[in-house]
Each structure stands twice: as structure tokens, then as C-alpha cells.
Amino acid sequence: MTAAKAEGFSLTQWSTRGLSLAGGMVGRADDPSAIAYNAAGITRLPGTHVMVGYAAVVPKSTFDLYEKDDGSLSSTTTGSHVLSAPYAYLTHQLNEHLWLGLGLFSRFGLDNEFPDNWPGRYDLTDIKFQTFSFVPTLAVKVNDALSLSAGVEIMHASLTMGKQIPCFQLSGDVPAKAEDIKMTLDGSHWGVGVHLGIHIRMTDKLSLGLAYKSPVTLRIDGSADFSREENNLLAETNQVPHAVDTGVHGRVRLPDSLAVGLTYYPLDNLSFEIGTVFTRWSTFDSLNIRFDSNFESNSAKKWRNGWNFNASVEYEPMDWLALRAGVWHETPVTNEAHADFMVPGHGRTGVSLGTGLRWENWNLDIGYAHLWMRGQDYSSFEGSDLENGKSHDLSANIYSVSIGYTF
């Protein structure tokens with residue numbers, strides 16, 4: 001299964017507190033992880049602050065697929081894989097108007113693995129895609145009500161993807177199926193984007209935040225390696241690549257997003273936030289890979305734009321204790337007419353809980369979230385050997401912990 005907290009393959013568990021609050025850190029934006037959620041909020045942090053943390057996403061999913069040759073049903077369950085999302089932040093007040101922020105976090109990730117003999121093996125057996133973004137940011141406190149921020153995102157992406165290649169050879173004058181050939185793609189690249197933030201303290205009890213993250217284009221270069229080099233009649237007719245180790249090249253345009261959060265403080269120790277995130281997944285229209293061995297793989301995606309709606313509450317009954325909870329819902333972004341096994345979910349809902357502990361200059365946050373995901377319909381699936389099917393029983397548990405220090 002894919003990662004969590006945002007439909008598609010976005011990651012937004014950029015801090016433990018942010019996870020516990022279902023991402024409700026756009027209007028609050030008052031700890032170092034604001035660099036990821038809405039960096040304009042770091043002007044509310046005097047002095048120097050650091051935070052480091054780790055989130056683990058543990059997904060599970062089941063696929064029921066029907067094979068074309070005999071209509072037999074095959075059920076495959078995945079699980080127990082952990083997608084890691086570490087993060088680290090530093091904020092420093094330069095003077096009464098300027099703040100510097102440095103952030104390292106992961107914005108996109110996928111981690112899927114299936115048995116090499118499962119029915120969908122000719123489309124996917126495993127995929128691991130993860131990005132890490134380094135974002136130096138400058139925030140300006142215009143006045144007591146308005147703060148602005150701008151940052152440069154330097155993103156590194158790595159991709160590993162495997163699938164089986166069907167192999168046919170001549171037995172006399174008759175084509176006969178031979179043992180499958182495993183193909184593994186490996187590649188990486190760097191990309192650059194921009195982050196912009198606005199934080200408005202409308203009244204003593206009401207804050208508004210807006211945060212924009214630009215698209216990032218990745219031109220991934222790497223290699224294709226095969227379990228064995230062997231002649232294949234399907235390669236001769238350009239249906240599959242030749243089983244010869246070679247270089248590969250691809251292009252992926254990751255989407256931009258706009259987040260809005262409105263926070264209400266009825267009491268000094270109690271806050272509520274409602275928010276939404278619009279992600280322009282329509283930029284992910286295809287995944288095309290060109291092989292130096294004179295073969296090109298073209299896979300249409302044609303995803304839809306998506307919305308995330310979230311609400312959260314934070315209560316501090318004591319100076320050293322914070323209690324947090326959140327809920328969110330995300331609209332589907334995948335196109336069922338071009339469904340694949342990279343992202344088996346089709347919309348999702350999540351709930352989260354967490355706590356924060358404070359001791360002198362130290363902060364410890366612990367958070368948990370659970371996701372329920374709607375299954376994908378594969379009745380229009382374009383895979384070569386599959387009739388139709390569906391994914392179901394999709395869920396994910398997310399665990400996170402972070403520690404912070406104020407100088």
C-alpha cells in the first residue's frame with residue numbers, strides 16, 4: 001500500500017503533533033514543524049528551536065483479481081511493510097522582524113511488495129518511491145498581525161520498481177511460454193520547488209494560515225536490470241523490453257498544493273482548527289519510461305485533483321501536558337479507467353490521537369493515526385492477463401514520535 005495522510009502518494013506526517021492534529025498546523029503553525037506546514041508561523045517562535053522525529057506507516061491491503069484464461073479468482077494480501085518518514089527542523093530568530101528556518105522531511109512516498117507469482121506480476125511486483133526535501137526558509141514578521149514566508153525546496157527522489165516479464169520462445173516452430181524474467185528499475189534525481197506561506201493573527205482568538213507548495217518536476221535516470229538475459233518473442237514484436245541490462249529515463253511531475261487553516265482559541269489552553277488542502281494531482285497524467293535498448297513503456301494515469309478536509313482540537317490541562325485529536329477525509333484522485341496496483345486506495349478517512357509532554361526546555365510528542373481506505377475497482381483494468389477485480393480491506397496504522405528543544 002501507499003503512504004498515508006494524503007490521497008495519491010503524498011506524505012503529510014511531517015511532525016508528531018501535526019499527525020495528532022490531522023495536519024491542523026496551517027493556522028496554528030507555532031512549533032518548528034511549521035516549516036513544513038506553514039513556515040510563516042515560525043515568527044511566533046522566539047530564540048532558537050530544534051525538533052527531530054520519526055513516523056512509521058504500516059499499511060495493509062487485499063486484492064481480488066480474476067484471470068482471463070480460466071476466470072479463476074486469486075486473493076492476495078499485502079502488509080507488514082513499514083514506510084519510514086523521518087524529519088528534522090531548526091528555527092532561529094535573526095532579529096525582531098526576520099526568522100530563518102531549515103527543514104528536512106519527506107513529501108511523497110510509496111512502498112508496495114507482492115509475491116513474484118501473484119496474478120498482477122506483469123504489471124507490478126514491488127515499488128518503492130520516496131522523496132526527501134531540504135527547505136531553507138526565510139520568514140518576515142510584517143507586524144503583530146501579519147507574517148510571510150518563502151522557501152526553496154531542494155528535493156531528492158529515489159525509485160525502485162519491479163515486475164515480471166512474460167517470455168515466449170520457439171519450441172520447434174511453435175511459440176511456447178518460458179519462465180518469467182524479473183525486471184527491476186532503479187533511478188534517482190533532484191528537483192527544485194518553492195514554498196510560500198502567510199499567517200494572519202486576525203484577533204486574539206482567531207488565526208488564518210495559507211501555504212502553497214509548487215510543483216516539482218523530476219527527470220529520473222537509472223538502470224533496468226533483468227534476472228537473466230534471454231531472447232523473447234514478445235520483445236521481437238516490441239511488446240516488452242529486451243532482457244538486456246540497460247539505462248532508463250523517465251519524467252514525473254509531482255503536484256502543487258494549497259493549504260488553508262482557520263484556528264480558533266476560545267481559551268488560552270484550548271484551540272480548534274478546521275482546514276483544507278487542494279492538491280493538483282491532474283499534473284500526474286502519465287508515467288513514461290524510455291529504455292536505451294530502444295523500448296518505451298507508456299502508462300496513462302490521468303489522475304484527478306484532490307481535496308483533504310480536516311478538523312482538530314488541542315487542549316492543555318496543565319502546563320506540561322497537551323492532549324490532541326483530529327479527523328480528516330480525502331477525496332479520490334486515481335482514475336479507475338486507468339487503475340493500477342501502485343495506489344490501490346480510492347479515497348480515505350482517518351482519525352488521530354496524540355499527547356505532548358513538556359519538561360523545562362524539552363518537548364516530547366507521541367502520536368497515532370488510523371486510516372480507512374475505499375477499495376479500487378479494476379473492472380476496466382488494462383493488464384494483459386487479468387479480467388477484472390477489486391482491492392478491499394485497505395487500512396494503515398501510523399506511529400510517530402518527536403523530541404524538541406528550545407535554546
Side-chain angles (χ1 to χ4, degrees), residues 1-12 59 61 63 65 83 107-112 114 120-131 155 157-163 183 185 187-189 191 193 213-222 224 240-241 248-257 277-291 295-308 330-348 373-384 386 388-391 394:
M1 243 295 297
T2 179
K5 278 295 280 79
E7 180 69 349
F9 49 90
S10 296
L11 298 171
T12 57
S61 55
F63 296 80
L65 302 173
L83 177 61
R107 284 187 57 205
F108 299 93
L110 276 168
D111 194 351
N112 246 339
F114 303 91
R121 62 189 178 276
Y122 298 136
D123 298 279
L124 186 70
T125 55
D126 57 272
I127 183 168
K128 187 174 181 64
F129 175 73
Q130 190 156 24
T131 69
M155 179 185 290
S158 60
L159 169 68
T160 300
M161 182 168 60
K163 68 177 183 178
M183 180 183 72
L185 304 179
S188 62
H189 192 68
K213 296 176 175 63
S214 74
V216 177
T217 298
L218 301 170
R219 291 176 174 83
I220 296 178
D221 298 314
V240 299
V248 295
H249 313 278
R251 179 182 179 275
V252 176
R253 184 171 172 83
L254 300 177
D256 55 343
S257 65
V277 183
F278 173 74
T279 305
R280 201 158 58 98
W281 276 111
S282 57
T283 60
F284 189 54
D285 58 349
S286 64
L287 179 60
N288 302 327
I289 300 173
R290 179 171 55 83
F291 293 69
F295 179 82
E296 187 165 347
S297 170
N298 298 316
S299 177
K301 302 300 179 184
K302 301 187 183 301
W303 283 15
R304 306 178 180 92
N305 297 326
W307 289 90
N308 172 309
E330 301 158 61
T331 62
V333 300
T334 56
N335 187 331
E336 290 185 317
H338 301 280
D340 57 34
F341 305 122
M342 283 176 47
V343 181
H346 196 60
R348 62 189 76 176
M373 286 157 279
R374 176 185 168 191
Q376 186 79 265
D377 179 10
Y378 292 102
S379 59
S380 302
F381 186 71
E382 299 175 349
S384 57
L386 299 175
N388 53 48
K390 63 181 180 179
S391 60
L394 308 176

Contacts of type side-chain contact (heavy atoms from CB on, under 4.5 Å), residue Ser214, not counting sequence neighbours: Val194, Tyr212
Geometric class of the Trp307/Phe278 ring pair [parallel <30°, tilted 30-60°, perpendicular >60°]: tilted
Close side-chain approach of Phe63 and Leu394, heavy atoms under 4.5 Å: no
Validation row: Asn308, Thr279 side chains within 4.5 angstrom (heavy atoms): no
Trace of the side-chain contact (heavy atoms from CB on, under 4.5 Å) decision for Leu110 with Met342: CA-CA 8 Å; Leu110 276 168; Met342 283 176 47; 3.6 Å; yes
Closest non-hydrogen atom pair, Ser391 against Pro344: OG-O, 2.9 Å
Which atom of Asn305 lies closest to which atom of Ser282, heavy atoms considered: OD1-OG, 2.8 Å
Val333 versus Gly306, closest heavy-atom pair with distance: CG1-CA, 3.5 Å
Step-by-step salt bridge (charged side-chain N to carboxylate O under 4.0 Å, His left out) determination, Asp340 to Lys301: CA-CA 9 Å; Asp340 57 34; Lys301 302 300 179 184; 2.3 Å; yes
Nearest heavy-atom neighbours spanning Ser257 and Val277: CB-CG1, 4.3 Å
Nearest-0.5 Å distance that lies between atom CZ in Arg290 and atom CZ in Arg251: 13.0 Å
CZ/Arg219: more than 12 non-hydrogen atoms of other groups inside 6.0 Å: no
Phe341 vs Thr125, side-chain contact (heavy atoms from CB on, under 4.5 Å): CA-CA, chis, key distance, verdict: CA-CA 9 Å; Phe341 305 122; Thr125 55; over 6 Å; no
Residue pair Phe129 / Asn112, side-chain heavy-atom distance below 4.5 Å: no
Val240 and Tyr122: CA distance, side-chain angles, deciding distance, side-chain contact (heavy atoms from CB on, under 4.5 Å) verdict: CA-CA 10 Å; Val240 299; Tyr122 298 136; over 6 Å; no
Main-chain N/O of Lys128 paired with Thr160 side-chain donor or acceptor, under 3.5 Å: no
Heavy-atom check, side chain of Met183 versus side chain of Phe291, under 4.5 Å: yes
Sub-4.5 Å side-chain heavy-atom contact between Gln376 and Glu336: yes
Close side-chain approach of Asn335 to Arg304, heavy-atom, < 4.5 Å: yes
Trace of the salt bridge (charged side-chain N to carboxylate O under 4.0 Å, His left out) decision for Asp256 with Arg280: CA-CA 6 Å; Asp256 55 343; Arg280 201 158 58 98; 2.9 Å; yes
Candidate list Leu11, Thr131, Thr12, test side chain to side chain contact (heavy atoms under 4.5 Å, CB included), partner Arg107, passing option: Thr131
Heavy-atom side-chain contact between Ser10 and Trp281 under 4.5 Å: yes
Any donor-acceptor pair under 3.5 Å from Asn288 side chain to Gly250 backbone: no
Least distance between heavy atoms, Ala224 atom then Val248 atom: CB-CG1, 3.6 Å
Phe284 and Phe108 aromatic centres sub-6.0 Å: no
Test: Lys302 and Asp285 ion pair at under 4.0 Å: no
Those residues that, when tested against Lys390, pass salt bridge (charged side-chain N to carboxylate O under 4.0 Å, His left out) (two or more places apart): none
Any Asp111 side-chain heavy atom under 4.5 Å of Ile127 side chain: no
Evaluation steps, side-chain contact (heavy atoms from CB on, under 4.5 Å), between Met161 and Ile289: CA-CA 12 Å; Met161 182 168 60; Ile289 300 173; 3.7 Å; yes
Audit row: Thr217, Arg253, side chain to side chain donor-acceptor pair (under 3.5 Å) steps and yes/no: CA-CA 4 Å; Thr217 298; Arg253 184 171 172 83; 3.1 Å; yes
Side chain to side chain donor-acceptor pair (under 3.5 Å) assessment of Gln130 paired with Ser158: CA-CA 6 Å; Gln130 190 156 24; Ser158 60; over 6 Å; no
Point-to-point distance, once rounded to the nearest 0.5 Å, from CG of Asn298 to CD of Glu296: 4.5 Å
